[in-house]
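A short write-up of the structure that comes next.
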Amino acid sequence: MPWLTRVLMLTAAWNTLWPATTPNLIRNGDAESSAGSASCASAAAIPQWTTDGAMSVCLYGGTSDWPLTIPGPPNRGNNFFNGARVAETTISQVVDLGSYASDISGGTQGYTLRGYLGGWMSNGDSAVLKATFRNSSGAVLSSVQIGPVTAADRNNATALLLRSTSGTVPAAARSVFIELTITRSSGSDNDGAADNLEFLLSGSTGSCTYSIAPTSAQAAATASTGSLSVTTQAGCTWNAVSDSSWITVTSGASGAGNGSVAYSVAANSGAARTGTIV
């Protein structure tokens, strides 16, 4: 095999760099609070979620269609959300923001909505995660969503891809309505899927901008190391996360102001591969 086929590309996607955050405010966002179904059958109840009774908590590796090795969260656990066998299915929950009211009222409280979304092979079934901000009376202030991830986005392969959006929480917001919808495009099964859903509150988004150098790197097939420099304003916080099991952030996983991130890349004896540090 020519050695070039074993070279990997490492891409640093810092345009979606996340400020330091609260713990995940979505409860059971990783689908791990109950046993998964090997056949991806509908779950009558899903802990912490209001459900229409059609969505599945599906077990990775339960069938050959959803092996544990598909691209997805590096810390994926055992289960993921799946559309089972209906045209459309939805689960939802309300996140109470009351304890953060004083920070939100200042109008600079940042948030990040993120998760792994995808589907099966060339099938067009897909998932969307939506967050709707409401005031203390329940009136809708604004909403954002991530997804869908199309079959083309996945190169017509079974995969869950990271999607993320960030912004500022409306000053009057006192709750956020989280809704995961999985929609079938064809066939009898609904093969849209999602995992590791997160809603996080972060520091002020009003004065922080971020850049890194370099924005991409290549590594040989042998094990190697590398580093990135982070440039931002004093006091602006950030986290660095790898989306691949073969890329490890070894230092600089978080910081404030200018800093650097060091990483290691495991040896690769197979085909070329691409990973991302976010």
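This is a predicted model, so every value here is computed, not measured. In what follows, residues are counted from 1 in the order of the sequence shown.
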Is there a donor-acceptor pair under 3.5 Å between the side chain of [X] and the backbone N or O of [Y]?
| X | Y | value |
| --- | --- | --- |
| Thr112 | Leu200 | no |
| Asn79 | Ser34 | yes |
| Gln93 | Arg27 | yes |
| Arg76 | Asp30 | no |
| Ser42 | Ala54 | yes |

Q: Enumerate the residue pairs fulfilling disulfide bond (SG atoms under 2.5 Å apart) with a member in residues 93-171, sequence neighbours excluded, ordered by first and then second residue.
A: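 Qualifying pairs: none.
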(Q) Show me the pairs that pass disulfide bond (SG atoms under 2.5 Å apart) and involve residues 36-75, at least two apart or across chains. (A)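 Sorted result for residues 36-75: Cys40-Cys58.
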Q: Applying side chain to side chain donor-acceptor pair (under 3.5 Å) between Thr89 and each of Thr181, Asp52, Thr183, report the one that passes.
A: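 The residue from Thr181, Asp52, Thr183 that satisfies side chain to side chain donor-acceptor pair (under 3.5 Å) with Thr89 turns out to be Asp52.
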Hey, could you give me the [atom1]/[atom2] distance between [X] and [Y], rounded to the nearest 0.5 Å?
| X | Y | atom1 | atom2 | answer |
| --- | --- | --- | --- | --- |
| Thr168 | Tyr111 | OG1 | OH | 7.5 Å |
| Asn82 | Asn190 | CG | CG | 7.0 Å |
| Leu129 | Phe199 | CG | CZ | 10.5 Å |

Do the side chains of [Y] and [X] get nearer than 4.5 Å, heavy atoms only?
| X | Y | answer |
| --- | --- | --- |
| Ser143 | Glu179 | no |
| Thr225 | Val265 | no |
| Ile46 | Val57 | yes |
| Val278 | Leu162 | yes |
| Val261 | Val230 | yes |
| Asp125 | Trp120 | no |
| Asn75 | Asn196 | yes |
| Met55 | Leu180 | yes |

(Q) Checking one residue: Val94. Which other hydrophobic residues are in its cluster under the side-chain 4.5 Å linking rule? (A)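 Its cluster mates, by chain and number, are Phe177.
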Q: Could you tell me which residues satisfy salt bridge (charged side-chain N to carboxylate O under 4.0 Å, His left out) with Arg85, sequence neighbours excluded, listed by chain and number?
A: Asp189
Q. Is NZ or CZ of Arg163 both nearer than 6.0 Å to the six-membered ring centre of Tyr116 and within 45° of the ring axis?
A.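 That pair does not qualify as a cation-pi contact.
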Q | Ion pair Arg114/Glu198, N-O distance below 4.0 Å | A |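 So Arg114 pairs with Glu198 through a salt bridge.
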Q | Listed once per pair and sorted, the ring-ring contact (aromatic ring centres under 6.0 Å, His included) pairs that draw on residues 26-54, sequence neighbours left out | A | Trp49-Phe81
Q. In chain order, what residues pass the side chain to side chain donor-acceptor pair (under 3.5 Å) check against Ser142, with sequence neighbours excluded?
A.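 None.
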Q) Is it the case that Arg154 and Ser126 place a side-chain donor and acceptor less than 3.5 Å from each other? A) no
